[in-house]
Amino acid sequence: MIREATLRDIDHGLLDCLDQIETPCDRELAAKLFLASRCPGNLQRWVYVDELGAILATCSCWYIYHLYRGIEGRIEDLAVHPEAQQRGLGTLILQHATAAARAAGAYKITLSSSVPLAEWYGKKGFECIGYSMRKDCDSDGTPPG
């Protein structure tokens, strides 16, 4: 079952899923960031839970409002627990997120991917356009060097 993520999910497997795509983090900080990101209308985060309530997959979609074009849905943090991979859960939660973005009126849905997963996303209808770039900031928010 796919449902909206809640704060309780932080301690019930959500971060275990996210550890697959990020370095394991400070759980207390993650809970604070989860609460801070709950801007109505700007972010949705879902979890796939099994019949026992274990979180097996997660995905989020940010809604970015472009002045002249409208809403962009930005898929982030799609992750499947290692013990639940190769069961189609990533596909299910990605389909859920893209359907939600369309329902919100998105004119496009974007995401960034690691090179090994780019082919998987391509099979789901996403195409590689240009480059994804980033600039990391120090912990105080300033760009390094």
Side-chain angles (χ1 to χ4, degrees), residues 1-66 70-126 128-129 131-145:
M1 170 181 79
I2 297 174
R3 64 166 172 76
E4 191 99 15
T6 68
L7 186 57
R8 284 192 62 214
D9 294 329
I10 292 289
D11 294 323
H12 291 94
L14 175 63
L15 296 179
D16 294 332
C17 284
L18 291 174
D19 285 347
Q20 304 313 300
I21 56 173
E22 295 287 340
T23 303
C25 67
D26 176 334
R27 301 304 210 233
E28 185 177 328
L29 176 61
K32 289 177 185 176
L33 292 172
F34 182 86
L35 280 176
S37 70
R38 304 285 295 171
C39 305
N42 288 352
L43 170 69
Q44 288 184 288
R45 180 180 302 277
W46 303 277
V47 291
Y48 180 97
V49 295
D50 68 10
E51 59 279 349
L52 300 176
I55 296 172
L56 302 180
T58 185
C59 183
S60 61
C61 186
W62 288 93
Y63 298 103
I64 304 164
Y65 300 89
H66 296 284
I71 299 169
E72 170 188 346
R74 175 77 181 166
I75 303 290
E76 293 282 345
D77 302 332
L78 191 152
V80 177
H81 194 281
E83 295 174 14
Q85 292 180 0
Q86 303 300 318
R87 294 179 8 198
L89 302 182
T91 298
L92 285 175
I93 205 159
L94 179 62
Q95 289 171 341
H96 185 86
T98 55
R102 284 189 182 112
Y107 74 96
K108 71 178 178 179
I109 302 168
T110 62
L111 57 83
S112 292
S113 172
S114 63
V115 172
L117 288 175
E119 183 178 340
W120 183 84
Y121 283 111
K123 290 177 181 176
K124 309 303 178 209
F126 288 85
C128 190
I129 306 282
Y131 296 95
S132 177
M133 304 178 87
R134 72 187 240 177
K135 184 170 186 170
D136 290 332
C137 296
D138 290 335
S139 61
D140 66 358
T142 59

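Excluded from the calculations below are hydrogen atoms, water molecules and symmetry mates; all remaining heavy atoms, backbone and side chain alike, are included.
- To the nearest 0.5 Å, atoms NE2 (His81) and CD1 (Ile55) are separated by 10.0 Å.
- Checked options Arg74, Glu76, Arg134; the residue passing with Ser112 is Arg74 (criterion: side chain to side chain contact (heavy atoms under 4.5 Å, CB included)).
- Side-chain contact between Ile75 and Leu94: present, with at least one pair of heavy atoms (C-beta onward) separated by less than 4.5 Å.
- Within the 4.5 Å cutoff, no side-chain heavy atoms of His12 are placed close to those of Val47.
- Rounding to the nearest 0.5 Å places SG of Cys59 at 11.5 Å from CD of Gln95.
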Could you go through Arg45 and Leu14, starting from their C-alpha distance and side-chain angles, then the distance that decides it, and tell me whether this counts as side chain to side chain contact (heavy atoms under 4.5 Å, CB included)? CA-CA 10 Å; Arg45 180 180 302 277; Leu14 175 63; 4.1 Å; yes
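- Contact check for Leu15 versus Ile10: side-chain heavy atoms found under the 4.5 Å cut-off.
- Once rounded to the nearest 0.5 Å, the distance linking CZ of Phe126 with CG of Leu111 reads 4.5 Å.
- To the nearest 0.5 angstrom, Leu78 atom CG is 9.0 Å from Leu117 atom CG.
- Remark: Asp77 CG to Trp62 CH2 distance equals 9.0 Å, nearest 0.5 Å.
- With contacts defined as side-chain heavy-atom distances shorter than 4.5 Å, the pair Arg3/Asp9 qualifies.
- Counting only distance, with no hydrogens or angles, the side chain of Gln44 and the backbone of Glu4 share no donor-acceptor pair below 3.5 Å.
- Scanning both residues, Tyr63 and Tyr65, for their nearest heavy atoms gives O-CE1, 3.5 Å.
- Note on residues 46-61: pairs passing side chain to side chain donor-acceptor pair (under 3.5 Å), not counting sequence neighbours, are Trp46-His96.
- With rounding to the nearest 0.5 angstrom, the CD1 atom of Ile93 is 12.0 Å from the SG atom of Cys61.
- Among all heavy-atom pairs drawn from Ala57 and Cys17, the shortest one is N-SG, 3.7 Å.
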